[in-house]
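Take a look at the structure set out below.
Counting convention: from 1, in listed order, for ligands and their atoms alike. We count residues from 1, following the sequence as given.
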Amino acid sequence: MESAGGEARPVLPPPPPPVQELAGAANDVPARYVARAGNEPKVTVTAPVPVIDLARLCQPGGGADEASKLRLALESWGLFLVTNHGIEATLMDAMMDASREFFRQPLQEKQKHSNMIDGKHFQLQGYGNDRVASEDQVLDWCDRLYLLVEPQEDRSLDLWPACLRDVLHDFTTECTRVKDCLLREMAKALDELGDDDDYFIDQFGDRADTHARFSYYPPCARPDLVFGLRPHSDGTFLSLLMLDDSVGGLQVFRDGAWYDVRTRPHTLLVNLGDQIEIISNGIFKSPVHRVVTNAEKERLSVVLFYSIDPEREIRPADKLIDENHPALYKKVKVKEYTAGLYEHFSRGKLVKETAKI
Ligand SMILES: O=C(O)CCC(=O)C(=O)O
Ligand SMILES: [Fe+2]
């Protein structure tokens with residue numbers, strides 16, 4: 001979930017304890033985390049998420065098979081796995097290891113990077129819960145560390161734990177290269193854009209922002225009652241996910257059913273966000289997804305959220321609109337859209353619906 005909503009600092013109810021602390025102490029799930037009736041059928045089908053070889057996709061004049069797989073992925077699941085992306089396996093492992101090391105530290109250490117200022121005011125960046133707006137808000141079974149990584153000059157390095165500082169910088173640089181490469185291939189996938197391969201890149205602007213989210217899902221005694229992360233679509237243009245390959249948990253919704261999403265070692269998962277769904281006038285899909293927990297195993301994910309300059313307005317691309325293809329989304333200011341995101345998320349609603357005509 002890409003938390004958003006500016007850096008306003010209203011006084012909020014006292015934050016609940018980290019789930020990691022609760023998980024260690026209790027066999028039961030506290031009432032505030034109960035989000036499901038516990039009688040849903042278990043999801044047993046794995047989504048056949050396309051696997052794209054990035055080196056083949058981007059090779060000059062080549063990669064026709066990969067390009068057609070990509071187009072299918074963009075229009076159907078809005079999700080695909082990327083292999084052969086050029087990010088060293090050792091760097092990916094180091095990023096995962098550093099994230100695990102951060103969450104394994106004593107609470108006192110982690111709280112040096114807290115997202116509560118003076119224990120009272122919530123800020124987006126830092127370690128803790130997502131924003132908790134009221135005492136009766138149902139909570140997710142997840143702790144997170146959330147950091148702005150781009151623009152580089154805006155980093156709040158005091159909130160960056162030493163154990164992951166250097167590796168996060170290197171990992172971001174590599175993921176951003178992959179993202180730019182994908183954005184060009186995604187523009188090529190829309191014939192209507194002609195040869196404007198930089199169409200999507202140009203949308204981002206100089207002040208585009210990228211956030212990193214490290215999510216830690218402790219084991220939960222009653223996975224049937226809670227969400228690791230409740231259903232949502234990302235408010236981003238595109239999110240790049242590195243998932244724990246030893247335990248599943250991510251699920252995607254399509255045509256009325258939930259599907260498991262599995263990853264493979266050293267593979268990135270690309271998840272399209274609402275911004276590209278709006279700009280592509282609904283041709284590309286921003287999937288609704290959620291995370292479920294596991295009774296025995298902890299789970300970790302590292303996500304980079306790529307988003308357009310918050311001061312910009314987005315709307316369906318002119319070249320995609322004609323009398324047979326009317327605009328399906330309104331013009332929205334990115335900052336206002338992302339501000340609505342968390343408010344909707346905490347009420348179990350999709351902000352995307354507010355942008356539809
Ligand atoms: O942890 C995951 O697998 C997905 C996390 C996610 O969807 C998000 O942070 O937006
Ligand atoms: Fe998400």
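- Between Arg184 and Asp198 a salt bridge is recorded (basic side-chain N to carboxylate O distance below 4.0 Å).
- Here the N, O or S atom of Asp234 that is nearest to the Fe ion (ligand 2) is OD1.
- Only the side chain of Leu241 comes within contact range of ligand 1, with a heavy atom under 4.0 Å; no backbone atom does.
- Using a 4.5 Å heavy-atom cutoff, the side chains of Asp274 and Val351 are in contact.
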Query raised in the report: Can Tyr146 and His211 be said to form a ring pair (Phe, Tyr, Trp, His ring centres under 6.0 Å), step by step?
Result: CA-CA 7 Å; Tyr146 192 70; His211 287 87; 4.9 Å; yes
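- A cation-pi contact, defined as under 6.0 Å to the ring centre and within 45° of the axis, links Arg254 to Trp77.
- Residues Leu164 and Phe214 are in side-chain contact: their nearest non-hydrogen atoms beyond the backbone lie under 4.5 Å apart.
- Looking at Phe200, Tyr337, Phe305 one by one, the single match for ring-ring contact (aromatic ring centres under 6.0 Å, His included) with Phe237 turns out to be Phe200.
- When the shell of 6.0 Å around CG of Asp206 is examined, it contains 12 or fewer heavy atoms from other residues, nucleotides or ligands.
- With ligand atoms numbered from 1 in the order given, ligand 1 contributes 8 (C), 9 (O), 10 (O) to contacts under 4.0 Å with heavy atoms of Phe305.
- Taking every heavy atom of Arg213 and a limit of under 4.0 angstrom, the matching atoms of ligand 1 come to 9 (O).
- Shown in contact with His232 at under 4.0 Å from a heavy atom are these atoms of ligand 1, numbered in order with element: 6 (C), 7 (O), 8 (C), 10 (O).
- Remark: ligand 1 atoms within the under-4.0 Å shell around heavy atoms of Leu229 are 5 (C), 6 (C), 7 (O), 8 (C), 9 (O).
- For ligand 1, the polar-atom distance check finds no N/O of Ser215 at less than 3.5 Å from any of the ligand's N/O atoms.
- Those atoms of ligand 1 with a heavy atom of Asp234 less than 4.0 angstrom away are 10 (O).
- A centroid separation of less than 6.0 Å is found between the aromatic rings of Tyr127 and Phe102.
- Shown in contact with Val291 at under 4.0 Å from a heavy atom are these atoms of ligand 1, numbered in order with element: 1 (O), 2 (C), 3 (O), 4 (C).
- Remark: ligand 1 atoms within the under-4.0 Å shell around heavy atoms of Ser301 are 1 (O), 2 (C).
- Here the shortest heavy-atom distance to atom 3 (O) of ligand 1, taken over His211, Arg299, His289, belongs to Arg299.
- Counting the atoms of ligand 1 from 1 in the order shown, those under 4.0 Å from a heavy atom of Tyr217 are 1 (O), 2 (C), 5 (C).
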